Protein chains: 2
Amino acid sequence: MISIGELSKRTGVKIPTIRYYEQMGLLDVPERSEGNQRRYSRDGLRRLSFIRHSRDLGFSIEDIKELLELSQHPERPCRDAHGIASRHLSDIRERIAKLKRLQSELQRISNCEADSVAECAVIETLADHALCETEH
Amino acid sequence: MISIGELSKRTGVKIPTIRYYEQMGLLDVPERSEGNQRRYSRDGLRRLSFIRHSRDLGFSIEDIKELLELSQHPERPCRDAHGIASRHLSDIRERIAKLKRLQSELQRISNCEADSVAECAVIETLADHALCETEH
DNA sequence: TCTAATCCCTCTAGTAGCTATAGCTATAAG
DNA sequence: CTTATAGCTATAGCTACTAGAGGGATTAGA
């Protein structure tokens, strides 16, 4: 049984974040020491590693709840897990596409050789939608 | 002088959002009708369009405050505006890079032909960091 | 065994950029 | 003049944490 500080060190998840995950129902309520401090088992460590790893991949708390639930039922078809993953993947693809559009628009307006704000393409573009090449 | 609803229609910014921008100090406190309703001038419309357009490009509220300030001083060098834009641009580039890493990792683990969760690569990867090819 | 250093506890509030709701009043069209 | 629509304020909620206050618990060394 390890303390929350030890768990934090081993997983790289900050202590308040661990308590937050507990509150959100991602982590089981742990046992307590006589003095009311949290004590975690090997299983708690495994579960938090799973969560950490999922968050690193950008899954939401809600998605992780489902993934954790699935991981506890090895006999279930993995279609569900793939569904969650591919939903997340298309979300990421959309975000990339959107950011790329912003990127090219910003690059375009940053090509401005003016000296003063009066003729600056950045300010002009923001002020006047008609100067914009693409819809965003 | 137009109402907040009319302003909303013309700019595509929702009414609560307009009030929020006012609270955040992006929009000047507008005049009021006898019955205490907001009334906007042509200038208010221009300013909100500027804000809308900046938000569309992903600038933060704080950045927009600075850009608005700059846009009111046409004689100032536009170096400052470019500074804000290029800071934002590199932020976007970083976000794209990070999302691309997530994308390829997710694509990799989604190539799993298993039937059940027991051998599913998605779940396995999340459970065991050692299966991961890249750091994220 | 005592004490000091470190660790942990709960509770509350703050972050960004809105959005939604409740309970009320103002305005405009017929 | 009535009614439908529009607007008002104030407060709370969303995501995924993070920070701080004001306390108690644990542990290592003297």
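None of these values were measured; they are calculated from a predicted model. Proteins come first, then strands; the chains are lettered A, B, ... in the order of their sequence lines, and each starts at number 1.
- For C:dT10, one of the phosphate oxygens OP1 or OP2 lies less than 4.0 angstrom from a side-chain nitrogen or oxygen of A:R38.
- Within 6.0 Å of atom CZ in B:R87, more than 12 heavy atoms from other residues, nucleotides or ligands are found, so the atom counts as buried in its surroundings.
- Under a cut-off of 6.0 angstrom, the local environment of CD in B:E113 is sparse, with at most 12 non-hydrogen atoms contributed by other residues, nucleotides or ligands.
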Salt bridge (charged side-chain N to carboxylate O under 4.0 Å, His left out), that's the test. Do A:D91 and A:R95 meet it? Break it down for me. CA-CA 6 Å; A:D91 181 51; A:R95 277 151 68 190; 3.0 Å; yes
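- The salt bridge (charged side-chain N to carboxylate O under 4.0 Å, His left out) check on B:D115 picks up nothing, with sequence neighbours excluded.
- Contact check, A:Y21 against D:dC17: a side-chain N or O comes under 4.0 Å of OP1 or OP2.
- More than 12 heavy atoms of other residues, nucleotides or ligands sit less than 6.0 Å from atom CD of A:E75.
- Under a 4.0 Å N-O distance rule, the pair B:E105/B:R108 qualifies as a salt bridge.
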Side-chain polar contacts of residues 24-35 of chain A - donor-acceptor pairs under 3.5 angstrom, sequence neighbours left out - could you list them?
residue, atom, partner, partner atom, Å
A:R32, NH1, A:N36, O, 2.9
A:S33, OG, A:G35, N, 3.2
A:S33, OG, A:N36, N, 3.4
A:S33, OG, A:Q37, N, 3.0

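- Close to D:dC17, at under 4.0 Å from its OP1 or OP2, lies no side-chain N or O of A:K14.
- Here the P atom of nucleotide C:dC7 and the CE atom of A:M1 are 20 Å apart, to the nearest Å.
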Dump the pairs, protein N or O against N or O of nucleotides 26-29 of chain C, anything under 3.5 Å, distances to one decimal.
residue, atom, partner, partner atom, Å
C:dA26, O4', B:Q37, NE2, 3.3
C:dT27, OP1, B:S33, OG, 3.0
C:dT27, OP1, B:G35, N, 3.0

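- Separating the CG atom of A:D56 from the C1' atom of D:dC17 is a distance of 14 Å, rounded to the nearest angstrom.
- An OP1 or OP2 oxygen of C:dG17 is reached within less than 4.0 angstrom by no side-chain nitrogen or oxygen of B:R19.
- Between B:R32 and B:K9, the residue whose closest nucleotide on DNA chain D is further toward the 5' end is B:K9.
- The distance from atom OH of B:Y20 to atom C1' of D:dC14 is 13 Å, rounded to the nearest whole Å.
- Rounded to an integer number of Å, the gap from CD of A:E6 to P of D:dT27 is 12 Å.
- A heavy atom closer than 4.0 Å to some atom of DNA chain D occurs in no member of residues 59-69 of chain B.
- Distance A:M24 CE to D:dC14 P: 9 Å, rounded to the nearest Å.
- We find the CD1-CZ distance between B:I18 and B:R52 to be 11.0 Å, quoted to the nearest 0.5 Å.
- Spacing between atom CD1 of A:I4 and atom P of D:dT26 amounts to 14 Å, rounded to whole angstrom units.
- Rounding to the nearest 0.5 angstrom, the gap separating the NE2 atom in A:H53 from the OG1 atom in A:T11 is 13.0 Å.
- DNA chain D lies under 4.0 Å from no heavy atom of any residue of residues 82-94 of chain A.
- With sequence neighbours excluded, the residues satisfying salt bridge (charged side-chain N to carboxylate O under 4.0 Å, His left out) with A:E6 are A:R10.
- Taking 4.0 angstrom as the limit, B:T17 places none of its side-chain polar atoms (N or O) nearer than this to OP1 or OP2 of C:dG17.
- Distance, B:E22 CD to D:dC8 C1': 12 Å, rounded to whole Å.
- Using a cut-off of 4.0 Å between Lys/Arg side-chain N and Asp/Glu carboxylate O, B:R19 and B:E22 are scored as not salt-bridged.
- Taking atom CD on A:Q23 and atom C1' on C:dC11, their separation rounds to 10 Å, with Å as the unit.
- Classification of A:D43 and A:R47 as a salt-bridged pair fails, no side-chain N sitting under 4.0 Å from a carboxylate O.
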